[in-house]
Student: 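Let me begin by handing over the structure; questions about it come next.
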Amino acid sequence: MIDIKLLRADPDKYVQAAEVKNIPVDIPALLEVDGQLLEAQRRLQELRTEQNRTGKQIARLDGVEKQDAIEEMSRIKAQVRHFSEEISRLKPKFDELMLLVSQPPDEGVPVGHSDADNVEIRRVGQVPRLDFEPLDHVQLGKALDIIDIERGVKLAGARNYVLKGGGALLHQALLRLAVDAMLEKGYTFLTVPMLVRDGVMYGTGWFPVGRDQAYLVERDQLSLAGTAEVPVTALHADEILEEAELPKRYVALSTCFRREAGAAGKDTYGLYRIHYFDKVEQVVVCPNDKQQSMAFHQEILANAEDVMKALELPYRVVNCCTGDLGQGPVEKFDIETWMPSRNSYGETHSASRLYDFQARRLNLRYRDAEGKIRFCHTLNNTVIASPRVLISLLELNQNADGSVTIPKALRPYMGGVEKIEPPRK
RNA sequence: GGAGAGGUGGCCGAGUGGAUGAAGGCGACGGUUUGCUAAACCGUUGUACGGGGUCAAACCUGUACCCCGGGUUCGAAUCCCGGCCUCUCCGCCA
């Protein structure tokens with residue numbers, strides 16, 4: 001949610017934001033409704049003042065005077081009703097439009113239409129050159145008997161999979177390594193509900209834009225969150241925190257559920273785009289201060305990069321363009337990891353900075369040093385998401401004999417095992 | 001799933017159809033006292049939106065909010081209806 005006062009002051013800015021982010025919203029209509037709503041609210045308040053004053057008189061009056069006052073009240077009441085109805089007609093329209101307004105991107109964000117227009121910031125690590133014909137992760141998974149896509153599809157349809165044996169262990173090792181890395185940095189580890197109320201989905205900006213990405217458990221009026229960012233960011237919704245307790249640094253591990261609506265036919269091969277996966281996610285809630293927000297953005301990006309370096313995976317960092325930003329974020333850095341089978345870097349992490357966009361929707365506030373109540377800033381980033389990162393890990397670490405070498409950092413989590421070997425026949 | 005109880009301010013807890021944004025207590029904050037700490041005493045202590053005021057605050061003022069929505073009434077935290085939520089006991093269960 002954006003601040004309506006800012007929109008009133010500079011509507012063009014929000015028209016442009018909608019345009020460059022490609023998230024349509026009728027700003028003139030919003031202003032129109034806003035004006036009518038303000039007027040109705042003003043009139044209603046005046047009437048209520050009158051109503052209260054007259055009501056207090058009635059208690060003290062007698063006889064004819066009392067009767068007159070009571071008649072006066074019924075006139076006021078009719079008008080109160082009129083403006084109340086006006087407001088309950090306008091408010092839903094206002095809310096509906098407000099939920100669609102995009103937050104303008106920060107300065108320096110490249111303008112573009114899709115992830116193809118993202119701007120590379122840096123590359124880290126070397127892409128190894130293999131002197132044999134490499135397999136892709138699906139072939140490797142089958143040969144090593146650690147990934148079973150067919151049976152995943154049998155159980156749950158396309159974009160599902162089963163990890164088995166060393167594959168499942170590797171997956172868990174990655175997650176545990178990521179959690180430990182964050183614990184070392186002082187983040188608080190959370191376990192959170194992934195089946196959440198609508199308010200939490202709206203509050204974090206996953207509804208209404210993107211609602212079709214979520215699995216809805218309609219009978220219970222709950223939705224499966226697509227990331228732990230959702231419940232974790234909403235953790236302190238409707239609270240007023242003390243500035244001294246900020247920042248809140250959280251890390252959570254969860255399964256993530258995504259319908260991938262609109263992606264039909266896209267990335268259908270392998271473990272890239274799937275309906276469920278596990279992710280370690282970091283969330284920061286900090287004071288309403290641009291400098292601090294920016295510093296934390298760098299911090300959570302570095303946290304993820306540290307894990308990537310520990311895993312010895314070659315990656316690059318890109319500055320996401322306006323079209324790839326989404327409704328809330330003002331700036332987003334993705335980490336893309338080299339994926340040989342795709343012959344490209346593939347998105348594995350996404351670090352978003354949102355100012356108070358989510359905090360306003362969530363009513364997430366704090367009391368600053370002067371006692372003023374302000375909306376927090378929120379940020380989030382992946383630490384590791386698996387099995388997508390397994391694509392890189394398996395394909396990059398494969399050997400000529402068909403085995404896959406486990407990165408040193410992961411071995412303690414794999415009982416010291418150095419390689420995943422093909423099963424003996 | 002069955003039976004019952006209940007939802008009031010940061011917390012506990014009172015509450016009558018009008019003077020209650022709401023007693024009292026706790027906590028927190030400010031002050032006095034004190035060698036320091038503690039205690040004691042005094043004071044302050046909700047949020048949102050609007051109007052006035054200010055360079056900006058302070059401050060003044062209006063409205064709404066005692067789970068949510070509707071109703072009765074001149075007037076509702078207080079009465080009625082619907083919903084949501086929480087707790088207790090029993091059953092089932094990872």
Student: For residues 162-170 of chain A, which side-chain donor-acceptor pairs fall under 3.5 Å, sequence neighbours excluded?
Tutor:
from	atom 1	to	atom 2	distance (Å)
A:Lys164	NZ	A:Asp145	OD1	3.1
A:Lys164	NZ	A:Asp145	OD2	3.1

Student: Counting C-beta onward and ignoring hydrogens, is there a side-chain heavy-atom pair between A:Pro422 and A:Leu144 closer than 4.5 Å?
Tutor: yes
Student: Between B:A94 and B:G82, how far apart are the two C1' atoms, rounded to whole Å?
Tutor: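 To the nearest whole Å, 36 Å.
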Student: Roughly how far apart, to the nearest Å, are B:C11 and B:G27 at atom C1'?
Tutor: 7 Å
Student: Can you work out whether A:Ser74 or A:Arg81 has the more 5'-proximal nearest nucleotide on RNA chain B?
Tutor: A:Arg81
Student: Of the nucleotides B:G62, B:G71, B:A64, which has the atom closest to the A:Thr49 side chain?
Tutor: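 Output: B:G62.
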Student: Starting at the 5' end of nucleotides 47-59 of chain B, put B wherever the base has a protein heavy atom under 4.0 Å, S where only the sugar-phosphate does, and a dash everywhere else.
Tutor: SS-B---------
Student: Please state the C1' separation for the pair B:C68 and B:C93 - nearest whole angstrom.
Tutor: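 Each nucleotide's C1' atom is 32 Å from the other's.
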Student: So do the side chains of A:Phe277 and A:Tyr161 get within less than 4.5 Å of each other, counting heavy atoms only?
Tutor: yes
Student: Please measure how far the C1' atom in B:C85 lies from the corresponding atom in B:G91, and state the result in whole Å.
Tutor: 23 Å
Student: Look at the side chain of A:Arg197 and decide which nucleotide, out of B:C74, B:C85, B:G71, has an atom nearest to it.
Tutor: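 The answer is B:C85, which lies nearest to the side chain.
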Student: Take atom P in B:A56 and the same atom in B:G51, then report the distance between them in whole Å.
Tutor: 15 Å
Student: Quantified in whole Å, what is the P atom distance between nucleotide B:A14 and nucleotide B:G7?
Tutor: 9 Å
